[in-house]
Number of protein chains: 2
Amino acid sequence: MALKHIAESTVRRLSDYLRFLEELEAQGQQTVSSGELASLGGTTSAQVRKDLSFFGSFGKRGLGYTVTALSRSLRQILGLERTWKVAIIGGGKIGRALAQYHGFRERGFDVVAVYDIDPARIGVSLDGVVVRDQRDLDADLTTLAVDIVLLAVPAEAAQPLVDRVTSAGIRAILNFAPVPVQASSRVAIRSVNMALELEFLAYELVNRDA
Amino acid sequence: MALKHIAESTVRRLSDYLRFLEELEAQGQQTVSSGELASLGGTTSAQVRKDLSFFGSFGKRGLGYTVTALSRSLRQILGLERTWKVAIIGGGKIGRALAQYHGFRERGFDVVAVYDIDPARIGVSLDGVVVRDQRDLDADLTTLAVDIVLLAVPAEAAQPLVDRVTSAGIRAILNFAPVPVQASSRVAIRSVNMALELEFLAYELVNRDA
DNA sequence: TGTAACTTGTGAAATCATTCACAAGCGGAA
DNA sequence: TTCCGCTTGTGAATGATTTCACAAGTTACA
Ligand SMILES: NC(=O)c1ccc[n+]([C@@H]2O[C@H](COP(=O)([O-])OP(=O)(O)OC[C@H]3O[C@@H](n4cnc5c(N)ncnc54)[C@H](O)[C@@H]3O)[C@@H](O)[C@H]2O)c1
Ligand SMILES: NC(=O)c1ccc[n+]([C@@H]2O[C@H](COP(=O)([O-])OP(=O)(O)OC[C@H]3O[C@@H](n4cnc5c(N)ncnc54)[C@H](O)[C@@H]3O)[C@@H](O)[C@H]2O)c1
């Protein structure tokens, strides 16, 4: 199917399209055109069609796309036909917010465990998931068959934990610590850096129409 | 100074470089080469030099860059020589985590107010900032001279609040709701969509070396 | 059946971003 | 002063992504 490399920007837009399709599905809309998807996502109809064309041909000329069919195809492309098991490391402020966030479960990401190093935090229940001691981490990752690790620990703990969880076989990490972390190219890593987003906005405030 | 349009990717990398420079500064290092900055940020030395070249010429051939001087220049380019006032709308799980996050203050972003609509949430103190009624929002934005709004409200409340705060003169918004929001091109908007990040990782797990 | 109104899928063109490659500048050593 | 090792700054080349533009397919309807 996906023979050559697909741009990250394309994959991200597919996620957006899927969200719109689910909304249209809920509203009972049968078909949708590339132009309609484009305006929902702030892009162009050519972009939508090009994005989809990397994976196949899903529409009908003159008609557009069948909402349910395209929705199903996108879920399949994105690997969302199954649920994914997520472990959160760090049960502090952001780790707790993430553990209790229903938006993950709704989209097929099950938080199966939360870990901390602080005895005061261990044992606390977050929406049914009890915070465990990080000493159990390595064994648990295998036992629980965790697919994705969310890192919500202080900056200095991030890289050591990346090394640790990748040794345990983890191949996907979402890092919230404001430092770049590295791993073998077999491991997919994304970072969410909120302070950096604010700095970008500050730059825009200073430079926009200036 | 910055005459033509600068790519977003360039500005984001400048933020990264600044972080590395501050770390090097703390370690007492005097000068740094583009290659050194590149390896810290997982990029190439040519990329570092090209990024900087859009804004001027900061280094010395044969020597590299003076850490403190480049650090100061980047802060100036990014608009970080002043502090920015931030208001958070939504005092729920993620809003509270953000309000109590020290990383913002450390980088010059002062959380001056938090707003909610739920009486049970109003009046709660978060690290010295008391949650206020969203009815005070419009007036407060002017009175407090808020620069940037963080949106941490349910998806359906996001776009109405964007309209409301932009009417009140806000020109920079960081949105955490998992929906695209729109405003006039005078307004800078970024969205952080964590479920989308997980979907991207799921795609990678399914497609990497496949 | 024929035509009008739409819309897809996709090469080709245009735009945007990164990497290359090297002349030129700097500091230190002799 | 000259040479050597190192590094910047930047045009030119390459690579990647987006946009254009249009042939071809579909439906509706007279
Ligand atoms: N709070 C926010 O809104 C926010 C926003 C953006 C980024 N972040 C980043 O997220 C990370 C966590 O921030 P926070 O505000 O939740 O901090 P926090 O101090 O509230 O939580 C960090 C938690 O990690 C735990 N921890 C430390 N080392 C550990 C280890 N080796 N194994 C397991 N647990 C460990 C600590 O005990 C603590 O409970 C930081 O890197 C921070 O910069 C936080
Ligand atoms: N919790 C997370 O980790 C997380 C992660 C990613 C994204 N998000 C997104 O962030 C948003 C908030 O999530 P949450 O988990 O904090 O939800 P939450 O329900 O805990 O908090 C939302 C808060 O917004 C308040 N609110 C609603 N309408 C408002 C209005 N008009 N003005 C002011 N306040 C209003 C509610 O009273 C509530 O306190 C959602 O869009 C969610 O999808 C949350």
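Because the structure is a prediction, the values reported are computed rather than measured. Lettering of chains follows the sequences in order, A, B, ..., and the numbering in each one begins at 1.
Within residues 57-75 of chain B, the residues having any heavy atom closer than 4.0 Å to DNA chain C are, in order of number, B:R61, B:G62. Listed by residue number, A:S33, A:S34, A:R49 are the residues of residues 26-49 of chain A with a heavy-atom contact under 4.0 Å to DNA chain C. At a non-hydrogen distance threshold of 4.0 Å, nothing from residues 10-25 of chain A comes into contact with DNA chain C.
The closest side-chain heavy-atom distance from B:T83 to B:F109 is not below 4.5 Å. Between B:L98 and B:F104, some side-chain heavy-atom pair lies under the 4.5 Å cut-off.
Contact annotation: A:S9 side-chain N/O to D:dT18 OP1/OP2 distance is under 4.0 Å.
Two rings, from B:F20 and B:Y17, have their centers 6.0 Å or more apart.
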For residues 29-36 of chain A, dump all side-chain donor-acceptor pairs below 3.5 Å to protein atoms at least two apart in sequence or in another chain.
from	atom 1	to	atom 2	distance (Å)
A:Q29	NE2	A:T31	O	2.9
A:Q29	NE2	A:E36	OE1	3.4
A:Q29	NE2	A:E36	OE2	2.9
A:S33	OG	A:G35	N	3.4
A:S33	OG	A:E36	N	3.2
A:S34	OG	A:R49	NH1	3.1

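The salt bridge (charged side-chain N to carboxylate O under 4.0 Å, His left out) analysis of residues 151-168 of chain B, with sequence neighbours excluded, yields the pairs B:D138-B:R164.
Taking A:R121 as the reference, A:R96, A:D116, A:D118 meet the side chain to side chain contact (heavy atoms under 4.5 Å, CB included) condition, with sequence neighbours excluded. Scanning for side chain to side chain contact (heavy atoms under 4.5 Å, CB included) contacts around A:A7 gives A:S9, A:T10, with sequence neighbours left out. For B:Q27, the side chain to side chain contact (heavy atoms under 4.5 Å, CB included) partners two or more places apart in sequence, or in a different chain, are B:E23, B:L24. In this view, A:D147 and A:R82, A:W84, A:K85, B:L205 satisfy the side chain to side chain contact (heavy atoms under 4.5 Å, CB included) rule, not counting sequence neighbours. With sequence neighbours excluded, no residue forms a ring-ring contact (aromatic ring centres under 6.0 Å, His included) with A:F58. Applying the salt bridge (Lys or Arg N to Asp or Glu O under 4.0 Å) rule to A:R107 yields the partners A:E22, B:E199; only residues at least two apart in sequence or on another chain are considered.
Checking side-chain atoms of A:T66 against main-chain N and O of A:A69 turns up no donor-acceptor pair under 3.5 Å.
Here the C1' atom of nucleotide D:dG15 and the NE2 atom of A:H5 are 13 Å apart, to the nearest Å. Atom NZ in B:K50 sits about 15 Å away from atom P in D:dT14, given to the nearest Å.
Running 5' to 3' along DNA chain C, contacts with non-hydrogen atoms of chain B at under 4.0 Å begin and end at C:dA17 to C:dC26.
Atom CD of A:Q182 has 12 or fewer neighbouring heavy atoms from other residues, nucleotides or ligands inside a 6.0 Å radius.
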